[in-house]
Amino acid sequence: MSSSDLKSAAAVPDGSAPQTGGAIRIDRVTHRYGRGDAAVTAVGPVDLTVPAGEFLVLVGASGCGKSTLLRLIAGFERPTAGAVTVSGERPSPGHTAGVVFQTPRLFPWRTVRGNVELALRYAGAGRAGRSARAAELLSRVGLDRAGDRRIWEISGGQQQRVAIARALAAKNPLLLLDEPFAALDALTRERLQEDIRQVAAQTGRTTVFVTHSADEAVFLGSRIVVLTRHPGRVALDLPITLPRTGVGGDELRGSREFAALRAQVARAVKSAAAE
């Protein structure tokens, strides 16, 4: 992992208070790869407004443009047509959002704490406060006893927790996650889903999460957008009214409401993939 990758995931040190702002506006966005006859339209046209504090899940079959749309929101790429704004401004890599990728992209020669402290350094945190702030972030993701361990000494799920802590080092109102649990076993994935759901509620950050799983989408999201196969367009825009606090993960997954929503999203994904 390069230092530029790390800067993409951290900007200014996060405070403990809930974040404000982070409203996203996607205005008639289309994005193409290539030129001329070889050009492929990956996304669009797409119109979406995401209010501050919402947990939006982008779901769809592989190749539907979910990750492309996330990269446009992060500012890693500029749309071919249309505009993307976050809090009224054009997104800027390293400043607009904390980002968690599908693979953790950690520095293996540093400790768990060292990876988070380095993110804080890139974020502009002063040397004196980095250690305490890193400890707070690791505690938030359940790694308060793992700070001195090397990356190769912890599990894949724990590595993703480090990546989440590093993304939270950025004091910006937006958190973006690109299928971060796809490579994990089912039990670890469920535990981390509960973790990220809780972290989003505690911080109040606007969150955009990419997945191909209807189950994961319903469990995490306060809103789900299903995309068609390429070019990705909005096939379903569904608010989720399930309780976000006070209910355990197993209880929520076992409810009739959850099952009905999961079935609805799964049908929409299958139908959208056939369009």
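- Between the CD atom of Q193 and the CZ atom of F209 there is a distance of 6.5 Å, given to the nearest 0.5 Å.
- Residues that satisfy the side chain to side chain contact (heavy atoms under 4.5 Å, CB included) test with R149, not counting sequence neighbours, are A146, E153, I154, Q158.
- Residues P239 and D237 approach most closely at CD-O, 3.8 Å, considering heavy atoms.
- Checking each of L192, L137, V100 against R161 for a side chain to side chain contact (heavy atoms under 4.5 Å, CB included) leaves exactly one that passes, namely L192.
- Residues satisfying the side chain to side chain contact (heavy atoms under 4.5 Å, CB included) criterion with D144, sequence neighbours excluded, are S139.
- Using a 4.5 Å cut-off on side-chain heavy atoms (C-beta onward), D215 and R253 make contact.
- Residues L58 and V208 share a closest heavy-atom pair of CD1-CG1, 4.0 Å.
- Closest approach of P79 and H31 over heavy atoms only: CA-ND1, 3.6 Å.
- Between E136 and R133 there is a salt bridge, since a side-chain N of the basic residue sits under 4.0 Å from a carboxylate O of the acidic one.
- For the pair T206/L175, no side-chain contact is recorded, criterion being any heavy-atom separation below 4.5 Å from C-beta on.
- The minimum heavy-atom distance linking A169 with L120 is given by the pair CB-CD2, 3.6 Å.
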For a side chain to side chain contact (heavy atoms under 4.5 Å, CB included) check, start with the C-alpha distance between L236 and I224, then their side-chain angles and the critical distance, and finish with the verdict. CA-CA 8 Å; L236 176 69; I224 295 172; 5.7 Å; no
Which is it for R205 and L168 under the side chain to side chain contact (heavy atoms under 4.5 Å, CB included) test, yes or no, and what are the steps along the way? CA-CA 10 Å; R205 288 189 174 194; L168 292 173; 3.8 Å; yes
N/O donor to acceptor pairs below 3.5 angstrom from side-chain atoms of residues 47-57, sequence neighbours left out:
from	atom 1	to	atom 2	distance (Å)
D47	OD1	R28	N	2.8
T49	OG1	R25	NH1	3.0
E54	OE1	R223	NH1	3.0

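- Counted within 6.0 Å of CZ on R78, heavy atoms from surrounding residues, nucleotides or ligands total more than 12; the atom is thus considered enclosed.
- In this structure a side-chain-to-backbone donor-acceptor pair under 3.5 Å is present from Q160 to F101.
- Of the possible donor and acceptor atoms, none in the side chain of S222 sits under 3.5 Å from a partner among the backbone N and O of I240.
- Using a 4.5 Å heavy-atom threshold, the side chains of I73 and I24 count as touching.
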Kindly determine whether R262 and E216 satisfy salt bridge (charged side-chain N to carboxylate O under 4.0 Å, His left out), including the steps that lead there. CA-CA 9 Å; R262 180 179 56 198; E216 187 168 64; over 6 Å; no
Using atom types as modelled, flag every donor-acceptor pair under 3.5 Å from a side chain in residues 179-191 to any protein atom, sequence neighbours excluded.
from	atom 1	to	atom 2	distance (Å)
E179	OE1	H212	ND1	2.9
D185	OD1	L187	N	3.2
D185	OD1	T188	N	2.9
D185	OD1	T188	OG1	3.2
D185	OD2	T188	OG1	2.8
R189	NH1	L184	O	2.8

Side chain to side chain contact (heavy atoms under 4.5 Å, CB included) between T30 and V46: does it pass, once the steps are laid out? CA-CA 7 Å; T30 297; V46 171; over 6 Å; no
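- Pairing each heavy atom of V226 with each of A272, the nearest pair is CG1-CB, 4.1 Å.
- Using a 4.5 Å heavy-atom cutoff, the side chains of L261 and L242 are in contact.
- Under the salt bridge (Lys or Arg N to Asp or Glu O under 4.0 Å) criterion, the residue pairs touching residues 55-72 are R71-E77, with sequence neighbours excluded.
- Across S67 and D178, no two heavy atoms sit closer than the pair OG-OD1, 2.9 Å.
- Side-chain atoms of P91 and V84, non-hydrogen and from C-beta on, do get closer than 4.5 Å to each other.
- No side-chain heavy atom of R267 sits under 4.5 Å from any side-chain heavy atom of K270.
- The shortest distance between side-chain heavy atoms of R233 and L227 does not fall below 4.5 Å.
- In this structure, R229 contributes its side chain and A273 its backbone to a donor-acceptor pair below 3.5 Å.
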Determine, stepwise, if the pair Y33 / T68 fulfils side chain to side chain donor-acceptor pair (under 3.5 Å). CA-CA 10 Å; Y33 291 106; T68 295; 3.2 Å; yes
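- R105 and Q159 share no side-chain donor-acceptor pair at under 3.5 Å.
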Evaluate the criterion side chain to side chain contact (heavy atoms under 4.5 Å, CB included) for residue pair R140 and Q198; output intermediate values, then yes/no. CA-CA 10 Å; R140 177 171 284 178; Q198 182 178 21; over 6 Å; no
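- Taking the side chain as every heavy atom from C-beta outward, L176 and L174 approach each other to under 4.5 Å.
- Within the structure, salt bridge (Lys or Arg N to Asp or Glu O under 4.0 Å) contacts touching residues 113-122 (residues at least two apart or in different chains) are R113-D148.
- Listed for the N115 side chain is a donor-acceptor partner under 3.5 Å among the backbone atoms of F107.
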